[in-house]
Amino acid sequence: MPEVIDCDECDGLGFRVRRCVCVQGGDQLIVDGGSCADQAYADCRVCGGDGSVVEPCGRCGRAGRRRAQLVVTVVNLDTGAAASRRLLPGHLDPPAGAESIMRARDIVTELAGAVGVRGLRPSWGQCALDDAVYWLPRQWRTDLPARQRLALEAEALAQQEHVPWRVYVGRGTEAPPPPEPGRELARLCELADLLHLDLVVEARRQHDGAVWAIRYELPGGRMPLDPRAYARDLPSAVAATTFREALRGLDERGRAAPAHTVRPVGAATVRPVRAAGVPPRVDLDRLGRAVLADLADDAPGAQAVWRDGRWWHTPLRPAGSVEKLHERDTGQIVRYVRQRVRRAVEPPDPAWWGEPVAHRPCPDCRPGTRLRRCHCRLGAPGPDPQCSRCSGAGFAPSGLACFTCRDGGRIPAALTVTVTDLRRVRHEAWRPVAGEPAPVVGYQPNGTPVHQLGPHWRLAHHAAGFGVRPADLSRLDDDLPVDQDLLNGTVTVHDPVVEPARQHVERVGAGLPGARLFVLAATPAAPPLTDLLRLAHALDLAAVLTYCDHRLDAGDPTKVQGERWDLRLAARDAPIGVESPFCASVELAVARCVEYLDIHLLAAVPREPDRPVPAPQAAPSPPMADPTALLRRVGRHYAGQPVLVSFDRAGCRLWLAERGEVQPLARAATLDDAVSALRFPGGE
């Protein structure tokens, strides 16, 4: 049975000969990014002008063979039961219909019935019921000779080897009803009013139709050159756009937006989301027709902008082009030309705009160029005249964004901080005041002083008002935890001439969209840790939980405070390595594990194609106890050192990280037994 086949990319050799990238532009230094000349570049740095290169085969990972098998697994989190089906050549169901595509829905429905799953959890992994598990080529027929038919089925399975193990997680209870697009869009409008942002519903002309996108923007920002638009109709765009997805890329879109404070500019206020002006449900048909009406007369696009409690409609107009140059490894310069667009009519200025925020040019880059501050200026009074990178100019070309302003080109003099739990909001302005007290609370290893600003500069004081812990504060636009300096209002003063408060505002505000910092004050939306432990048990994997107690560093602003967690799933026989935990709460560690579940599952699949994909079967199992209290007890004893615990079907193992390696501490059936075996003094 052909469960392993030769790689068709390299014919089983493990390497392949391919045409060099330089042939796309032809034998010239500057080439058009959309051209295809099929002629080698004589001075190519990669192929030397030959036009062909030899490289390891990326499709088979140099193995020369590919695995022709897939596994679909369904897990019931309520009972811990799991059922799997291994798809092999000769054991495939003929897809119904003319598509010859087998969707996951039919396989998952059968497995879900076997384990009692009635509702799948859509946030667990990226696998969807409408995904294609495999599709058979047109040559495939049931009456073909067995050898030919099995070869076609093996190739169809090998084509899906990038996701060889598809796991669907559900519960015995019914899943919540699917969201209604009209109400979901109304909720996005409410959040736009809450956060003082624009919600843009956009249709761009593409070939013979239109593609739709929904996103948040700051008033006055530039239109994106390459909007993430894939939906063919407005309801599909709403269904595919979560609040996080609408915020994605806000920092890049808002770099050129004018910076204003948020009214009122006096004392900060906490208020619930304003319902006035926002209908409970948006009429998508009416909104879609209005946007499409503005696509007439060959307009490249049209928008509906939700601002100040109402929709503003406008077509888009061409606004010239922008040229971007990119250097290839071949030594050629690739020229890309993108068309810009602008609104034909701008909505009135938002009512929430306060006073403009002053700014100064960034001293470490030259906007519109690739020139960045040269490394020779670090810690030196001036540039090095003998520097090989800048020749004493102090600026050198770089492909990276400016570290200071993130290519925004502006250093703001004030900052607007918006803290929200998506039901209430608090806006406040951070303005440095001359002579503001900021005592020294520590020193960096090189002797640079660390100052701490007053309580109103510390984001941690917002946590109590929203009923969360400081560790639960995260950046709203990129989902990263708020760093320790922002939480505690500490700032390392590199320039003694500039006051700490000003350095703090300039460091935090540089590169932020519209000089605005968005903070989410909410516990991570994560399932209980015990759900992940039960999932690992059902999948016959190991759940590795890492904990580090930093209580010995309390009060030192240069070191990590509190506790840190990490959680990952791995194969039971996978080696345990030292992982520096970075999540400030166990809930955040669980949320991260769920977010990257597909990556963990892919890592658990053996790399060798002749080894099978895991296909776990599990009977219902009793609930697992929450291990956090016991692990904290071990962590307190080994404060400052990461402690790791692994849970699998064989039991529990404890390790201690020392000098970059893990040392075994105990092994037992349960964590309680393992901790008892350590016999900490004084009942610790």
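Looking only at side-chain heavy atoms (C-beta outward), Arg215 and Pro224 come within less than 4.5 Å of each other. The shortest distance between side-chain heavy atoms of Gln303 and Val201 does not fall below 4.5 Å.
Nearest heavy-atom pair, Pro412 versus Val505, reported as atom, atom and distance to 0.1 Å: O-CG1, 4.1 Å.
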Review point. How far apart are the C-alpha atoms of Trp352 and Asp193, what are their side-chain angles, what is the distance that settles it, and do they pass the side-chain hydrogen bond (donor to acceptor under 3.5 Å, both in side chains) test?
Key: CA-CA 10 Å; Trp352 54 263; Asp193 286 345; over 6 Å; no
Review point. Val167 and Trp165: side-chain contact (heavy atoms from CB on, under 4.5 Å), yes or no, with the steps?
Key: CA-CA 6 Å; Val167 175; Trp165 189 13; 3.5 Å; yes
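Distance check, rounded to the nearest 0.5 Å: CG of Leu188 to CD1 of Ile214 gives 7.0 Å. Separating the CD atom in Glu202 from the OG1 atom in Thr314 is a distance of 11.0 Å, to the nearest 0.5 Å. Atoms SG and CD1, on Cys593 and Ile599 in that order, are 11.0 Å from each other to the nearest 0.5 Å. A distance of 10.5 Å separates CG of Leu250 from CZ of Arg255, quoted to the nearest 0.5 Å.
Taking the ring centre of Trp306 as origin, the terminal cationic atom of Arg310 falls outside the region bounded by 6.0 Å and 45° from the ring axis. For the pair Arg370 and Phe395, the NZ or CZ position fails the cation-pi test of under 6.0 Å to the six-membered ring centre and within 45 degrees of the ring normal.
Relative orientation of the Tyr336 and His326 rings is tilted, given thresholds of 30° and 60° on the angle between their planes. Using the six-membered ring where Trp is involved, Phe243 and Tyr216 have ring planes that are perpendicular, over 60° apart on the 30 and 60° scheme.
With Glu153 contributing its side chain and Leu92 its backbone, the two residues share no donor-acceptor pair below 3.5 Å.
Contact check on Glu155 versus Arg66 returns a salt bridge, with a Lys/Arg side-chain nitrogen under 4.0 Å from an Asp/Glu carboxylate oxygen.
Screening Leu247, Leu197, Val417 against Phe518 for a side-chain contact (heavy atoms from CB on, under 4.5 Å) leaves a single residue, Leu197.
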